[in-house]
> 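Have a look at this one before I ask anything.
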Amino acid sequence: MGLKEQIDLTKLPQHIAIIMDGNGRWAKQHGQQRVFGHRNGVTAVRESAEAAAELGIPFLTVYAFSTENWNRPKVEVNALMKLLLQTIENELTTLNKNNIRLNAIGDLGSLPKENQKKLQKVMDDTRHNSRMTLTLALSYSGRWDLVEAARALARKVAQGECRPEDVDADLLNSLLSTSEMPDPELLIRTSGEYRISNFLLWQIAYAELYFTLTLWPDFRRDDLYAAIIDYQHRERRFGKTSDQIKK
Ligand code: IPE
Ligand code: IPE
Ligand code: MG
């Protein structure tokens, strides 16, 4: 039996988030420059998105560029921005063919103007696609998201739209960039790094974490299936006891 057949379709995570890591190391292993790894990472994104959509997972969010990634050498940042531009342009047909809507979260205003325009166009052109929402986290960090939400909250209070005592988890959640999605139930990180690197901090409160040694450019459908199968074998207790969950 293949991995795909081992997946219980009645227990799929509704939202999977991925920290795509290891492109640079992959390139090095192939005796190439780092950008070669980024270019090959695009295939892994396409495969993961198609596989998730085919299974019926409504939300897939991938960490493509962090707030901290701006601190990389200029040549790499420029190469990544160029690659992003080409990729969103090239993938429009595939997105539509697969009925996938493109979405983006992060400080998008800090991206090059060309990228902002192209991104907006592809988001508009795919907005009616309903099988899955693929969200790119770009110039994103969990702290950035929380700071933006805190600002919005402060503004609301200052304008008398709500009182400090009205602030609760739901209100804060509604002001995050991910307010339209459920929290990710499964967070995958590739390349054998065991950290969150400022990704969805609030949203992963109860996510199941899955780490794999596979470098991102090598990640394929079966790697996604393996992560989902692992997730399905976990007991999610949310603070309760195992006996309570089994009842
Ligand atoms: C992930 O791969 C892609 C981005 C962060 C943009 P890396 O570029 O971090 O690859 P490694 O971690 O150096 O191998
Ligand atoms: C995290 O990867 C960011 C993305 C995958 C976009 P990094 O490679 O930048 O993470 P650190 O800095 O090694 O933790
Ligand atoms: Mg890395």
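We're numbering straight along the sequence, starting at 1. Please read all numbers here as calculations on a predicted model, not as lab measurements. Atoms within each ligand, like the ligands themselves, are counted from 1 in listed order.
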> Can a non-hydrogen atom of G22 be found less than 4.0 Å from any atom of ligand 1?
yes

> Please verify whether a non-hydrogen atom of S66 lies at under 4.0 Å from ligand 1.
no

> With the threshold set at under 4.0 angstrom, would you say H38 reaches ligand 1 through any of its heavy atoms?
yes

> Should the pair F65 and W70 be assigned to parallel (<30°), tilted (30 to 60°) or perpendicular (>60°) ring geometry?
perpendicular

> Work out whether the distance between some heavy atom of R72 and some atom of ligand 1 is less than 4.0 Å.
yes

> Ligand 2 versus A137, non-hydrogen atoms closer than 4.0 Å: side chain, backbone, both, neither?
neither

> Run the salt bridge (charged side-chain N to carboxylate O under 4.0 Å, His left out) check on D166 and R163 step by step: do they pass?
CA-CA 5 Å; D166 297 330; R163 299 165 302 165; 3.0 Å; yes

> Where does N69 meet ligand 1, judged by heavy-atom distances below 4.0 Å: at the side chain, the backbone, both, or neither?
side chain

> For S177 and D145, test the side chains for any donor-to-acceptor distance below 3.5 angstrom and give the result as yes or no.
yes

> Classify the contact between M20 and ligand 2 as side chain, backbone, both or neither, using a heavy-atom distance cut-off of under 4.0 Å.
backbone

> Looking at E180, I want to see if its CD is surrounded by more than 12 non-hydrogen atoms of other residues, nucleotides or ligands under 6.0 Å.
no

> Among all protein heavy atoms, pick the one closest to atom 12 (O) of ligand 2 and tell me residue, atom and distance.
S197 OG, 4.5 Å

> Yes or no, since that's all I need: does a protein heavy atom fall within a distance strictly under 4.0 Å of atom 10 (O) of ligand 2?
yes

> Where on R189 is there a heavy atom closer than 4.0 Å to ligand 2, on the side chain, on the backbone, on both, or on neither?
side chain

